[in-house]
Amino acid sequence: MTPIAIIDFETTGISPNMGDRATEVAIVMLEGGQVVDRYQSLMNAGVRVNSFITQLTGITNEMVQAAPAAEQVMREAARFVGGRPMVAHNAAFDKKFWQAELARCGEDGAHPFACTLLLSRRLYPQAPNHKLGTLAALHHLPSSGRAHRALADAEMAAHLLAQMQHDLKTRYGCSQADHALLMGLQRTSRHMVGPYLKQRAAA
DNA sequence: TGCCAGGCCCTCTTTAGGGCCTT
């Protein structure tokens, strides 16, 4: 099965269109339900980190200023991902930073992104909410570091994805819980999840 | 000066509004 690249960005804000930039990126490779490789780096995009972000993430201006240039980090990250399909929690957010930061260094960010937030809303509608930390606690997933740091959050999202793949196989009989199935599932309306998984399990 | 995202999803909807989720 093709490895899936799970990505998480820490940034200066929520919108690259409003001038926000990435400060840290982490990518973990998930294969056969196991994390098999990792990439993580702070990055210096030449912007200041405000106090709210420092309080949220622990990332300071000193840390960012000492980090390698954003272009260098993003090129390394793109090489690490290669042509593999990608996943993020609330992928709309990470996808726009992935594309915006890669566009700045002339790289193509046109990867298919699946979203553990959308998948969670379909697979775990009973969850009290669909924040990454809540879902990790709900499923008793391992924690590997401070929340709101890129590598810890990427690993948490990878563990959540592995849990989803496990549930798709054991609860719904989907033997190939691959990226194509995930993309189909997240495009499926909440009311059609059962029929969709039944059809995929029979395929 | 004050404000600024955006895609998804639910419902007291669909000729719309507001909450969730990410930093």
Side-chain angles (χ1 to χ4, degrees), chain A residues 5-28 40-65 67 70 73-74 77 86-104 109-139 141 143 145-161 163-164 182-194 196:
Chain A
I6 297 93
I7 189 167
D8 186 76
F9 278 108
E10 303 306 320
T11 71
T12 61
I14 53 177
S15 176
N17 290 336
M18 302 295 290
D20 292 323
R21 297 293 305 272
T23 56
E24 186 180 40
V25 63
I27 300 154
V28 303
Q40 176 274 331
S41 183
L42 289 160
M43 66 177 91
N44 184 356
V47 293
R48 288 196 62 78
V49 179
N50 67 41
S51 58
F52 170 78
I53 293 295
T54 294
Q55 192 165 21
L56 179 71
T57 66
I59 296 172
T60 64
N61 280 299
E62 291 72 22
M63 291 164 68
V64 168
Q65 284 162 8
V73 172
M74 288 305 299
M86 300 183 76
V87 167
H89 194 70
N90 196 14
F93 175 85
D94 292 283
K95 183 179 181 181
K96 66 187 178 183
F97 275 97
W98 177 250
Q99 293 178 335
E101 292 292 348
L102 284 179
R104 287 177 173 272
H111 290 72
F113 268 76
C115 175
T116 49
L117 169 61
L118 297 182
L119 292 167
S120 171
R121 283 176 176 161
R122 283 152 180 75
L123 289 176
Y124 311 122
Q126 78 285 2
N129 62 58
H130 296 87
K131 295 177 183 177
L132 182 57
T134 301
L135 294 167
L138 186 67
H139 295 290
L141 302 178
S143 173
R146 174 184 171 139
H148 296 297
R149 284 300 300 267
L151 186 58
D153 281 3
E155 294 216 17
M156 195 177 288
H159 290 307
L160 175 60
L161 178 61
Q163 179 72 46
M164 289 175 173
L182 300 175
M183 293 295 283
L185 178 57
Q186 77 177 23
R187 283 193 301 265
T188 301
S189 78
R190 188 174 56 115
H191 306 292
M192 295 301 289
V193 164
Y196 172 79

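As a basis for the values below, the full set of heavy atoms in this structure was taken, side chains included, without hydrogen atoms, waters or symmetry mates.
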Exercise for review: Applying side chain to side chain contact (heavy atoms under 4.5 Å, CB included), name anything that partners A/N50, two or more places apart in sequence or on another chain.
Suggested key: A/F52, A/I53
Practice item. Give the C-alpha distance, both sets of side-chain angles, the deciding distance and a yes or no for side-chain contact (heavy atoms from CB on, under 4.5 Å) between A/R21 and A/F97. Key: CA-CA 8 Å; A/R21 297 293 305 272; A/F97 275 97; 5.7 Å; no
As a test of reading the structure: which of [options] is closest to the side chain of [X], going by heavy atoms?
X      : options                : value
A/R121 : B/dC20, B/dG6, B/dT23  : B/dC20
A/K131 : B/dG6, B/dC10, B/dC21  : B/dC21
A/D153 : B/dC10, B/dT23, B/dT22 : B/dT23

[X] near the nucleic acid: base, sugar-phosphate alone, or nothing, with a heavy-atom cut-off under 4.0 Å?
X      : value
A/L118 : sugar-phosphate
A/N50  : nothing
A/F97  : nothing
A/D20  : nothing
A/L117 : sugar-phosphate

May I ask you to verify if any side-chain N or O of [X] is less than 4.0 angstrom from the OP1 or OP2 atom of [N]?
X      : N      : value
A/H89  : B/dC21 : no
A/H130 : B/dC20 : no
A/N90  : B/dC20 : no

Let me know the distance between [atom1] of [X] and [atom2] of [N], rounded to the nearest Å.
X      : N      : atom1 : atom2 : answer
A/N129 : B/dC20 : CG    : C1'   : 9 Å
A/Q99  : B/dA5  : CD    : C1'   : 15 Å
A/F93  : B/dT22 : CZ    : C1'   : 5 Å

Check your understanding: Looking only at heavy atoms, which two atoms of A/Q186 and A/L118 are closest? And how far apart?
Key -> CB-CB, 4.1 Å
Measuring only the [atom1] atom in each nucleotide, how far is [N] from [M]? A whole number of Å is fine.
N      : M      : atom1 : answer
B/dC4  : B/dC10 : P     : 26 Å
B/dC21 : B/dT15 : C1'   : 28 Å
B/dC20 : B/dC12 : P     : 16 Å
B/dC3  : B/dC8  : P     : 28 Å
B/dG18 : B/dT13 : P     : 13 Å
B/dG17 : B/dT23 : C1'   : 25 Å

Point to revise | Earlier contact from the 5' end, DNA chain B, for A/N17 and A/R190 | key: A/N17
Check your understanding: Under the 3.5 angstrom rule, does the side chain of A/D20 hit a backbone N or O of A/I14 as a donor-acceptor pair?
Key -> yes
Point to revise | Listed once per pair and sorted, the side-chain hydrogen bond (donor to acceptor under 3.5 Å, both in side chains) pairs that draw on residues 148-158 of chain A, sequence neighbours left out | key: A/E24-A/R149, A/R38-A/E155
Check your understanding: Any luck finding a side-chain donor-acceptor pair between A/T134 and A/N129 under 3.5 Å?
Key -> yes
